[in-house]
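Ligands are counted one by one from 1 in listed order, and the atoms in each one are counted from 1 as well.
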Amino acid sequence: MTEPTPADYTGPRRILSGIQASGALHLGNYLGALKRFVALQEQDAPCFLFVADLHAITVWQDPAVLTAQTREIAAAYLASGLDPKRSVIFPQSAVPAHAELAWIFNCVARLGWLDRMTQFKEKSGKHKERSSVGLYTYPVLQAADILVYKATGVPTGEDQKQHLELTRDIAAKFNNDFGVPGFFPLPEPLTQGPAPRVMSLRDGAAKMSKSDPSDQSRINLMDDADTIAAKVRKAKTDPEPLPETLEGLDARPEARNLVAIYAALADLSREQVLAQFAGQGFGAFKPRLAELAVESLAPVTAEMRRLMAAPDEIDRVLRDGAERAAEIADPIVAETKRIVGFWR
Ligand code: TRP
C-alpha cells in the first residue's frame, strides 16, 4: 500500500441536515432545526435538507403514517421559509445513493465504534437483542447521508455530535485505507444561530420530544392557537419571580426553559429577556410567552395546513429535490465504487 499523504479536502462547501420522519413536529424541531436552516440558507453554500425516512424505519412505522409524515416534514421545511429553488428538499429514500454508500461505509466502520454510540444504547434500552439491525447501524447511514454530497457543514443538535464524530472517523478511514487523501471532507458541526435545547413543558430536565406520552409536554407545529396558549399557561414552573441574571436560573430548569424559548422566538438573548422581566412572576410572563408563541407559529402553522391540503405541490418539490440531489450524489458514489474496486 502506498503511504497516504495528509491532504485536506478542497472541494466546494455544502451544508446538509435531515429530520427523521417519525412523530409530529414540535417547537423543539422548529427552534433547534428549521429556524436555523432558514438562517443558513442565506449563506453562500447550497443546503441539502431531507426527510430521513430510511432512518425512520429503524423502528416500526405504519406505512400510511410514514408517507403522511414525510409530506408533513416537507411542508414544515417550506412553511418555515426554506426556498425550494435555493435549497434542495427531498426524501432520503428517493435518492438510492444514500443506501448504496451506507453499505460501503458499513464495511469501513468498526463494531467497536458503533458499540460506543450512546443514542443506540438509549433507544434500544433493555431490549438490545430485539432492536433492528438498522437501529444499530443508523449512524453509518447518517455518515453516508452527509458524505454522499461531500457536505462540509452539518447543523444539528448536541445529541448528534457523536454521530458527526463517527462520520469524520469513517471519512478519515476511507481516505486513508484507499489512499485517497482529501476524497471525503471531514464535516464540521454548525452550531451558530439560535439553537436552544428546548425542554419538555412538564419536566425541565427532559428534552421536548415527539415520543413523550404527554401531549402537554410539547407544542406541536400543527397545534391551533388556543391549544398553544393553554399549554404555555399550564407549563410547569416555580413560584419565584424571574431573576436578574442567568445564574439565577441555574437550579430552576423549568424557568430556564421558558426563558430560552422566549429568547429564541423573539430573537433576543436570554439576558435581554431577563432584563425585561426580572422581578415579575410567571403570572405575568406566561401570557406574554403564550402570545409570542402563537404569533410566531401562526404563519408557519397556517402555511403547513395549506400545503398539507395541497399534497401535489409538496410532491412536486420533493420530486424535483430528489432529482437535483441525485445529480450531486450519483457521481460521488460512482467515484467511490471505482476507488473500492467494483467492476464497471
Ligand atoms: N439523526 C438525525 C436526528 O435524529 C437525523 C439525521 C439523519 C441527520 N441523517 C442526518 C442529521 C444527516 C444531520 C445529517 O436528528
Is it true that a side-chain atom of R252 and a backbone atom of T237 form a donor plus acceptor pair closer than 3.5 Å?
no
Can you list the steps and then say if Q216 with K236 is a side chain to side chain contact (heavy atoms under 4.5 Å, CB included)?
CA-CA 10 Å; Q216 293 296 321; K236 188 176 164 199; over 6 Å; no
If you link I, L, V, M, F, W and Y whenever their side-chain heavy atoms are under 4.5 Å apart, who else ends up in the same group as L54?
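So far as hydrophobic clustering goes, L54 is joined with L141.
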Indicate whether any N or O donor in one side chain lies under 3.5 Å from an N or O acceptor in the other, for Y30 and N220.
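The criterion, which ignores hydrogens and geometry beyond distance, is not satisfied for N220 and Y30.
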Distance-only check: which donor-acceptor pairs under 3.5 Å involve side-chain atoms of residues 149-157, not counting sequence neighbours?
from	atom 1	to	atom 2	distance (Å)
Y149	OH	H98	NE2	2.8
K150	NZ	F183	O	3.3
T152	OG1	R14	N	3.1
T152	OG1	R14	O	3.2

Can you list every ring-ring contact (aromatic ring centres under 6.0 Å, His included) pair that touches residues 198-243, not counting sequence neighbours?
none
With the criterion set at N/O pairs under 3.5 Å, what does the list of contacts between the protein and ligand 1 look like, atom names and distances included?
from	atom 1	to	atom 2	distance (Å)
ligand 1	1 (N)	Y138	OH	2.8
ligand 1	1 (N)	Q142	OE1	3.0
ligand 1	1 (N)	Q160	OE1	3.1
ligand 1	4 (O)	Y138	OH	3.3
ligand 1	9 (N)	D145	OD2	2.7

